[in-house]
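Here the structure comes first, spelled out in structure tokens, and everything after it is commentary.
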Amino acid sequence: MITIKLKPVNVTEKILLLLEKKGLIRTLRPTAKVSRRTAKHGLVDTIYSSPGGYGTHKLICVRSDNDGKINLNSHPHNEEFMLINNTGLKLKPVLMVIALSKYGDIERKAKSGKLAPKDFLFLRLKYNDHKTCVFSMLKDTPHCEISEPGRGRASIFFVSEPANLPMRYVDMTGYIFDLQG
């Protein structure tokens with residue numbers, strides 16, 4: 001019997017980049033396509049998507065819209081948000097509008113002209129805060145993410161979700177959001 005003795009070493013970025021270069025792991029960083037984007041409009045790039053035989057899900061990298069327009073959407077299943085900035089770049093914070101009721105209730109209120117500020121929460125999210133930077137958005141929760149207005153690099157974050165998750169927009173005809181920074 002041959003014994004292979006191993007001693008643990010503390011992980012470093014250099015070690016992870018070496019493993020990535022060898023094609024063994026993928027570090028959680030924005031894709032080149034998302035990082036290079038300079039237009040005001042957002043962008044989503046799939047990092048990977050699992051084959052159906054393994055239970056489909058995907059990990060995406062999102063660059064938020066930089067135009068301040070809120071277009072509430074929801075999904076029929078959950079998604080996980082990861083607000084991690086390990087790029088060394090100064091990214092603008094992610095701002096998120098979350099409805100305080102599910103899709104059907106919000107759309108009914110919108111159609112009847114009864115939506116009010118109390119129906120929403122407007123959050124400034126923080127990167128790399130271990131208590132708040134990873135969370136699940138539960139199914140049918142209307143939400144929208146944007147970059148904080150002004151100069152600077154648009155916000156970038158990660159989402160893990162079912163591979164074919166559809167997006168459902170809330171009909172907000174007759175409403176606009178006035179976001180106070």
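Everything quoted here is computed from the prediction, not taken from an experiment.
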- Task: Would you mind reporting whether Leu72 and Tyr169 have side-chain heavy atoms less than 4.5 Å apart?
- Result: no
- Would you call Ile98 and Met137 a side-chain contact if the rule is heavy atoms closer than 4.5 Å? yes
- Taking Asp129 for the side chain and Lys126 for the main chain, is one N or O donor matched with an acceptor at less than 3.5 Å? no
- Determine, step by step, whether Glu145 and Phe157 satisfy the side-chain contact (heavy atoms from CB on, under 4.5 Å) criterion, reporting the C-alpha distance in whole Å, the side-chain angles of both residues, the deciding distance to 0.1 Å, and the verdict. CA-CA 10 Å; Glu145 318 84 32; Phe157 58 94; 3.7 Å; yes
- Message: Counting C-beta onward and ignoring hydrogens, is there a side-chain heavy-atom pair between Leu179 and Ile70 closer than 4.5 Å?
- Response: yes
- Message: Any carboxylate oxygen within less than 4.0 angstrom of a Lys/Arg side-chain nitrogen, looking at Arg108 and Asp105?
- Response: yes
- Task: Spell out, as yes or no, whether a donor-acceptor pair under 3.5 Å connects the side chain of Asn128 to the backbone of Asn85.
- Result: yes
- Give the cluster check for Leu100 versus Val97: same hydrophobic cluster or not, with ILVMFWY residues linked at side-chain heavy-atom distances below 4.5 Å. no
- Query: For the residue pair Pro30 and Phe158, what are the closest heavy atoms and their distance?
  - Reply: N-CZ, 3.5 Å
- Sidechain N-carboxylate O distance under 4.0 Å for Arg63, Asp45: no
- Message: For residues Val159 and Ile47: do they belong to one hydrophobic cluster (side chain heavy atoms under 4.5 Å, members Ile, Leu, Val, Met, Phe, Trp, Tyr)?
- Response: no
- Message: Can you classify the ring geometry of His75 versus His143 as parallel (below 30°), tilted (30 to 60°) or perpendicular (above 60°)?
- Response: tilted
- Task: Compare all side-chain heavy atoms of Ser155 with those of Tyr127 and state whether any distance is below 4.5 angstrom.
- Result: yes
- Query: Do Lys58 and Ser160 meet the criterion of a side-chain donor-acceptor pair at a distance under 3.5 Å?
  - Reply: no
- CD1 of Ile176: more than 12 outside heavy atoms within 6.0 angstrom? no
- Item | Salt-bridge contact Lys111-Asp171 (side-chain N to carboxylate O under 4.0 Å) | no
- Item | Atom CG of Asn164 with >12 non-hydrogen neighbours under 6.0 angstrom | no
- Would you check if Glu13 and Leu17 make a side-chain contact, meaning some heavy-atom pair closer than 4.5 Å? yes
- Test log, rule side-chain contact (heavy atoms from CB on, under 4.5 Å), inputs Leu125 and Leu95: CA-CA 6 Å; Leu125 302 172; Leu95 301 178; over 6 Å; no
- Message: Do Glu80 and Ser136 make a side-chain contact, defined as non-hydrogen atoms from C-beta onward lying under 4.5 Å apart?
- Response: yes
- Task: Report yes or no: is the cationic atom of Arg26 (NZ for Lys, CZ for Arg) under 6.0 Å from the centre of the six-membered ring of Tyr48, at an angle within 45° of the ring normal?
- Result: no
- Query: Taking 4.0 angstrom as the limit, do Arg29 and Glu20 come out as a salt bridge?
  - Reply: yes
- Item | Minimum side-chain heavy-atom gap Lys109-Asp119 below 4.5 Å | yes
- Query: Do any N or O atoms from the side chain of Tyr175 and from the backbone of Leu115 form a donor-acceptor pair under 3.5 angstrom?
  - Reply: yes
- Item | NZ (Lys102) with more than 12 external heavy atoms under 6.0 Å | yes
